[in-house]
Amino acid sequence: MTGPRLSRRVQELCPSSTVAVGKAAKTLAASGVDVVDFGLGEPDFPTPDFVARAGIAAIENGRTKYTDTAGAPALREAIAEKYRREQGAACRPENVLVTAGAKQAVFNACQALFDPDDEVAVFSPYWVSFPEMARLAGARPVFVGTRLEDGWRPTAAQLEKHAGPGVKGVILNSPNNPTGAVVPREELERILDWCARRGATLIFDETYDRFLYDGREHVSAAAFWERHAERIVVTGAASKTYAMTGWRLGWALAPRELVSAMSSYQSHSTSNASSISQEAGILAFADLVRSDSSVAGMLAQYAARRSAMLEGMRAVPGIEAAPPEGAFYVFPRVSSLYGRMTLSGSEEMCRRLLAEAHVAAVPGEAFGEDSCIRLSFATPIEKVREGMRRFAEWAGKR
Ligand SMILES: Cc1ncc(COP(=O)(O)O)c(C=O)c1O
């Protein structure tokens, strides 16, 4: 018997190694081994109670039907208000599309903007799904490297060097997964000016916009709305900010015509984001006092874990890292261990680290940088300390 005849598109997809690592760590843990999991890409905190209750109330009040495809009007207005208040962007609800997570927002933007063979510049290291989303739209990702020595910050100069004259879009994520880099205001302005000169659209993913350290400031592309509104798609989500990954609630802020095109696309795929999640989102946006204090509580814990992870890293021989400015990952360079430990690269390193030290991490190869691995500190501080102790012992033995 032959199997189903899969499309070429799907056969060409790269399997997600973040998912593969998660599975291997879970299997090992299920067999009774005490695994420290630094592979996680989601908050380990519960959804704030007042948000969870809003979801329950939505069900009890029968808010369980389809909403407008582009999102409930009150939520679109609340998101537009967020960008007016925080970034001074003169945007309206018609500039907002509510989606099932930031992932769907980026995906829809790629589908609405790119044609087969279009060139899309993707800053690298990149979040695993960006190149695949460009490819699923038929486009060709071109990678624009950033360097650990520069704190992994993206620059317009690198774009100029790597992107071709016909480039149609640029994908940038700040604060960055996996590196934690935050794009500075002046550089973001240079990148947007560069996009304007080329007629390219910037897809700016700010999924981690509330998680910043050491006094760093997040600058959204929405801050340049007045000059560049026609060139910007900002994507964000409640997922990490309010520990709501399973609720699937995100959005895109974009020019009206693009929102309308993305909404048409969405009407033939997922329709609207969950009505229940949207009701909870409306409350999270409206109740700034409780929202801000729940985010501040989580941020304080992330900051302490980040310090513990960086501290623990100093005891691991031969690795170097740029302290992350945002998000909840550290992305150390570990390639000096490869020769000494006869490892072929980041994938084998993570496999052995899990099997021999019971520490799960994600190979940098998945993010376009095989010399590094990604460690998430979205895990309790005692686990962070224990995991780093095991890592140092494991690397020190060889
Ligand atoms: C950079 C980045 N963008 C988007 C997402 C997806 O977010 P959501 O769960 O809201 O779809 C993630 C999740 O890991 C991410 O790291």
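Counting starts at 1 for both ligands and their atoms, following the listed order.
Each of Glu94, Met262, Glu230 was evaluated against Glu257; a single residue qualifies, Glu230, per the side-chain contact (heavy atoms from CB on, under 4.5 Å) test.
Every protein residue with a heavy atom nearer than 4.0 Å to ligand 1 is included here: Gly101, Ala102, Lys103, Trp127, Asn173, Asn177, Asp205, Thr207, Tyr208, Ala237, Ser239, Lys240, Arg248.
Here Tyr242 pairs with nothing under the ring pair (Phe, Tyr, Trp, His ring centres under 6.0 Å) rule; sequence neighbours left out.
Salt bridge status for Glu325 with Arg153: present, with a side-chain N to carboxylate O gap under 4.0 Å. The pair Asp34-Lys383 counts as a salt bridge, with a side-chain nitrogen and a carboxylate oxygen less than 4.0 angstrom apart. Salt bridge present: Arg389 and Glu386 bring a charged side-chain N and a carboxylate O closer than 4.0 Å. The pair Arg333-Asp370 does not meet the salt-bridge criterion, since no charged nitrogen lies less than 4.0 angstrom from a carboxylate oxygen.
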